[in-house]
Engineer: 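Questions regarding the structure given below will be posed in turn.
Along the sequence shown, residues are numbered consecutively beginning with 1. Not measured: the values here are computed from a predicted model.
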Amino acid sequence: MVPTKERNASSVFLRYKNEGILFDCGEGTQRQMNIAGIPRSKVTKLLISHWHGDHVLGIGGLLQTMGKAEQSLVVDIYGPRDTKKRMYHLLNSITPLPNVKLKISEANPKGVQRIFENRDYVIECASLKHNAPCIGYSFIEKDRLRVNMAYLKKMGVREGPHLKKLQAGKSIVWKGKTVDIKKATYPVKGKKIVYVADTVPCDNAILLAKDADLLISEASYASSLQGKAEQYSHLTAKQAALTANRAGAKKLVLTHFSQRYKTTEEIEDDARAVFNNAVCAHDFMKIKL
Ligand SMILES: [Zn+2]
Ligand SMILES: [Zn+2]
């Protein structure tokens with residue numbers, strides 16, 4: 001919530017193929033990107049959970065630098081209601097950004113709503129329960145076909161662009177023989193990554209995180225301060241772990257700790273009492289799925 005010597009404000013970067021999806025952009029995110037070795041030009045989407053400063057105060061700086069890029073960049077921005085108005089005010093309070101084009105969309109979802117889809121993945125969002133309009137997001141990679149090279153080699157099929165057709169689920173003919181698509185490919189389940197920012201426990205977080213490979217959730221406090229969590233509309237680690245449990249998520253990464261915690265053992269233990277595969281995030285943590 002508040003930057004400390006060890007921890008910056010909130011931001012999570014998801015790299016997928018040529019895309020870079022930034023979930024929130026707290027103050028100091030650009031500099032964190034420098035240290036993490038993520039070029040700013042890699043950001044193609046910015047998904048804003050809510051307009052509390054610890055989640056958005058890095059947007060102006062990031063866009064300002066991106067706006068000076070040599071080739072023009074496009075960033076799709078999504079956020080809760082009033083995001084267009086707030087972005088308008090933000091952009092009017094800094095110098096113009098000649099080389100970055102922004103496409104801004106607002107969501108005010110009832111239940112889980114799909115807000116983006118392309119060939120490879122979809123993005124869904126759902127409203128959370130915080131003391132400001134706040135939404136959580138899920139990135140869902142589509143299931144895909146992978147080529148069974150062992151089978152193809154047996155048939156004498158060589159590697160090459162014709163394999164793309166197989167991946168798209170279409171048969172090919174190789175030296176007069178039709179390649180059986182069922183034997184030549186096998187399905188691979190897409191990954192699902194969910195980002196739940198500031199909220200109290202809510203059903204939408206569970207719906208959003210259903211069967212997630214990775215749930216990234218706020219956990220501002222351990223259970224010993226549950227009263228504070230309720231007072232400020234936040235989750236305890238145990239509550240975040242219950243969400244992971246009920247959703248059938250595979251892995252839980254906790255973040256957004258109150259600055260009162262100098263170490264994260266208490267938070268991690270609190271979560272693990274309910275959901276074993278839980279870890280506390282640290283700045284520059286990398287997870288490959
Ligand atoms: Zn926050
Ligand atoms: Zn907040």
Engineer: Would you please test H256 and D198 for side-chain contact (heavy atoms from CB on, under 4.5 Å) and show each step?
Structural biologist: CA-CA 8 Å; H256 194 280; D198 302 8; 3.1 Å; yes

Engineer: Identify which one of S217, C202, P201 satisfies the side chain to side chain contact (heavy atoms under 4.5 Å, CB included) criterion when paired with Q239.
Structural biologist: P201

Engineer: Report the residues that fulfil side-chain hydrogen bond (donor to acceptor under 3.5 Å, both in side chains) with R40, sequence neighbours left out, ordered by chain and then residue number.
Structural biologist: Q30, N34

Engineer: Would you please test I21 and Y16 for side-chain contact (heavy atoms from CB on, under 4.5 Å) and show each step?
Structural biologist: CA-CA 8 Å; I21 301 173; Y16 180 77; 5.5 Å; no

Engineer: Side-chain atoms of residues 176-186: list all donor-acceptor pairs with protein atoms under 3.5 Å, sequence neighbours left out, distances to 0.1 Å.
Structural biologist:
| unit_1 | atom_1 | unit_2 | atom_2 | d |
| --- | --- | --- | --- | --- |
| D180 | OD1 | K182 | N | 3.0 |
| T185 | OG1 | I181 | O | 2.7 |

Engineer: Can you check side chain to side chain donor-acceptor pair (under 3.5 Å) on Q259 and T4, steps first, answer last?
Structural biologist: CA-CA 7 Å; Q259 73 272 21; T4 67; over 6 Å; no

Engineer: Report whether L254 and Y232 are members of the same hydrophobic cluster (ILVMFWY, side-chain heavy atoms less than 4.5 Å apart, transitive linking).
Structural biologist: yes

Engineer: Going by atom types alone, do S127 and N204 pair a side-chain donor with an acceptor below 3.5 Å?
Structural biologist: no

Engineer: Between the side chains of R7 and D283, is the shortest nitrogen-to-carboxylate-oxygen separation below 4.0 Å, so that they form an ion pair?
Structural biologist: no

Engineer: Can a salt bridge be assigned to the pair K45 and D76 using a cut-off of 4.0 Å between side-chain N and carboxylate O?
Structural biologist: yes

Engineer: Out of the candidates V12, I287, D213, I216, only one should pair with I193 under the side chain to side chain contact (heavy atoms under 4.5 Å, CB included) rule; please name it.
Structural biologist: I216

Engineer: Hey, mind stepping through F116 and Y121 against ring pair (Phe, Tyr, Trp, His ring centres under 6.0 Å) and telling me if it holds?
Structural biologist: CA-CA 8 Å; F116 178 82; Y121 68 90; 5.5 Å; yes

Engineer: Can Q32 and S11 be counted as having a side-chain donor-acceptor contact under 3.5 angstrom?
Structural biologist: no

Engineer: Kindly assign one of parallel, tilted or perpendicular to the pair H50 and H130, based on the angle between their ring planes and the thresholds 30° and 60°.
Structural biologist: perpendicular

Engineer: Which side chain to side chain donor-acceptor pair (under 3.5 Å) pairs, counting each pair once, include a residue from residues 150-169, with sequence neighbours left out?
Structural biologist: none

Engineer: Given the rule in the side-chain contact (heavy atoms from CB on, under 4.5 Å) test, do L63 and M87 qualify, once you have shown the distances and angles that lead to the verdict?
Structural biologist: CA-CA 11 Å; L63 294 180; M87 283 301 301; 3.8 Å; yes

Engineer: Using side chain to side chain donor-acceptor pair (under 3.5 Å), reason through S223 and D270 one step at a time and then give a plain yes or no.
Structural biologist: CA-CA 7 Å; S223 290; D270 194 42; 2.8 Å; yes

Engineer: Which heavy atom in A209 sits nearest to a heavy atom in A249, and how many Å separate them?
Structural biologist: O-CB, 4.3 Å

